[in-house]
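A short worksheet on the structure shown next.
For the numbers below, each heavy atom of this structure counts, side chains included, while hydrogens, waters and symmetry mates do not.
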Amino acid sequence: MTIEAFHRPGQKSYGPWGNHTSSLDWCEDNYTHLSFVAEFWNTTSNIPFIMLGFFGLLSTYGLPNRTRYALAHSFIAIIGTGSFLFHTTLSWHAQVILDELPMLWSAAMSLYLTSVGGAEKGSLKLKALLVVVPAGISWLYLQFPNPLLHQVAFAGMQVVSVLQGVQLFEGLPSSTSEQRRMASACKYHFVAGAGVFMLGFAIWNIDNIFCVQLTAFRSRHGDIMGALSQGHAWWHLLTGLGGSRLFSALTYLTLASREPDAFEFSSFLGHPYVTRKGRDPMWQLKMTRVTPSQVLGPEKESFESRN
């Protein structure tokens, strides 16, 4: 199928990376801040997105079945990196291969977490299914690169994942006050993550629908209001926050299904992560008081105290 590039009227359709070949051109004026970045705010808003992915990846240290949780958070960093390159270049290959297709695989990873639940291992059939389905959709999308196909497939997998997550909540133990408190915290992070994600989706659509009006608004009110009104950039920030929080909730949800009293939520700069009770992740530094005996040894400490 022939790929037809889309260019917004009045916008540059080429840059230092070549002609713009993407099938999408978002509601941000091109090359307004840097000569080598097509969409400045849509590009730089991916930096926190990438950082959230690495934050989640590091926070999985010490968890059982770490690979599945590390992969889930890694996809956030991968998507953020691909989106950064896409909005920098407005290249079709960056759009599809580096940005949109990783979104499908991230949704499949979310489906895997909710499907396997608290089981130690996922079945071979489940793993095969969650490879074949996104692979098939990816192949179909490459043959018929209509953004609507990607959006419907991504949304469909996310909806199924959320519904399965809701079912997992019904199996969370709640016989003690601590278990009920942690279940309540997990529900909060799950709902908050989904809500922040949907808020980003709504702002993104407002940006698309009212692009002409927003473009005129930005031209009248300068750089600060222009930056704050970039709806697609807000989509990046909010989906990064929402997606990372959702994966943290799913991590606790699946682990607590098997060991209800072994894990808890901690927080770093207001963002939740899951850790085994009594253990800090490798990356969290703690300041401890060092006594003279630890440095000098007990005999030298005694000598120093006498003099």
* **side-chain contact (heavy atoms from CB on, under 4.5 Å) between L250 and F190, intermediate numbers included** => CA-CA 7 Å; L250 288 176; F190 188 86; 3.8 Å; yes
Counting only N and O atoms by type, is there a donor-acceptor contact under 3.5 Å from the side chain of [X] to the main-chain atoms of [Y]?
| X | Y | value |
| --- | --- | --- |
| W17 | F36 | yes |
| S13 | H20 | no |
| N146 | L148 | yes |
| S59 | G56 | yes |
| E170 | V166 | no |
| S83 | D99 | no |
| S106 | P102 | no |
| E39 | W26 | yes |

Flag yes if more than 12 heavy atoms outside [X] fall under 6.0 Å of its [atom1] atom; otherwise flag no.
| X | atom1 | result |
| --- | --- | --- |
| Y141 | OH | yes |
| H93 | NE2 | no |
| I224 | CD1 | no |
| Y14 | OH | no |
| W234 | CH2 | no |

Answer whether the closest heavy-atom distance between the side chains of [X] and [Y] falls below 4.5 Å.
| X | Y | value |
| --- | --- | --- |
| P64 | R276 | yes |
| F75 | I78 | yes |
| L140 | L149 | yes |
| S110 | L246 | no |
| T239 | F201 | no |
| F265 | C186 | yes |
| P260 | M182 | no |
| R180 | S175 | no |

Would [X] end up clustered with [Y] when hydrophobic side chains under 4.5 Å apart are linked, directly or stepwise?
| X | Y | value |
| --- | --- | --- |
| F169 | F263 | yes |
| M109 | F197 | yes |
| L253 | L163 | no |
| F154 | L130 | yes |
| F86 | W204 | yes |

* Kindly indicate, with the supporting measurements, whether the criterion side-chain hydrogen bond (donor to acceptor under 3.5 Å, both in side chains) is fulfilled by D29 and Q11. => CA-CA 7 Å; D29 290 348; Q11 296 299 307; 3.0 Å; yes
* Out of H236, E28, H33, H87, which one pairs with T43 under the side chain to side chain contact (heavy atoms under 4.5 Å, CB included) rule? ->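 With T43 as partner, side chain to side chain contact (heavy atoms under 4.5 Å, CB included) holds for just one option, H87.
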[atom2] on [Y] to [atom1] on [X], rounded to 0.5 Å:
| X | Y | atom1 | atom2 | value |
| --- | --- | --- | --- | --- |
| T275 | L255 | OG1 | CG | 10.5 Å |
| D261 | K277 | CG | NZ | 5.5 Å |
| F247 | S74 | CZ | OG | 10.0 Å |
| S244 | H73 | OG | NE2 | 5.5 Å |
| L238 | L199 | CG | CG | 5.0 Å |
| I206 | S229 | CD1 | OG | 12.0 Å |

Can you give me the closest heavy-atom contact between [X] and [Y], atom names plus distance?
| X | Y | answer |
| --- | --- | --- |
| S45 | W41 | OG-O, 2.9 Å |
| G270 | R245 | O-NH2, 3.5 Å |
| L237 | P48 | CD2-CG, 3.6 Å |
| Q230 | C27 | OE1-O, 3.5 Å |
| I50 | G80 | CG1-C, 3.5 Å |
| S138 | W105 | OG-NE1, 3.6 Å |

* To do: Look at the rings of F55 and F268 and say which category their plane angle falls in: under 30° parallel, 30 to 60° tilted, over 60° perpendicular.
  =>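 Ring orientation, 0 to 90° scale: parallel.
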* Asked: Which is it for Q95 and S23 under the side-chain hydrogen bond (donor to acceptor under 3.5 Å, both in side chains) test, yes or no, and what are the steps along the way?
  -> CA-CA 8 Å; Q95 171 195 338; S23 61; 2.9 Å; yes
* **Y69-T254 side chain donor-acceptor pair, cut-off 3.5 Å** =>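 Yes, T254 and Y69 have a side-chain donor paired with an acceptor closer than 3.5 Å.
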* Between R181 and E264, does at least one N-O distance fall below 4.0 Å, as a salt bridge requires? ->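 Salt bridge between R181 and E264, a charged N being under 4.0 Å from a carboxylate O: no.
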* Asked: Is R218 paired with D207 through a side-chain N to carboxylate O contact shorter than 4.0 Å?
  ->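 Yes.
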* Using the side-chain contact (heavy atoms from CB on, under 4.5 Å) rule, take L52 and H271 through it: C-alpha gap first, then chi angles, then the decisive distance, then the call. => CA-CA 9 Å; L52 282 166; H271 197 72; 4.0 Å; yes
* Intermediate values then yes/no, side-chain contact (heavy atoms from CB on, under 4.5 Å), T21 and L90 -> CA-CA 7 Å; T21 55; L90 289 182; over 6 Å; no
* Test N65 against R68 for side-chain contact (heavy atoms from CB on, under 4.5 Å), laying out the working first. => CA-CA 6 Å; N65 301 314; R68 67 180 66 162; 3.7 Å; yes
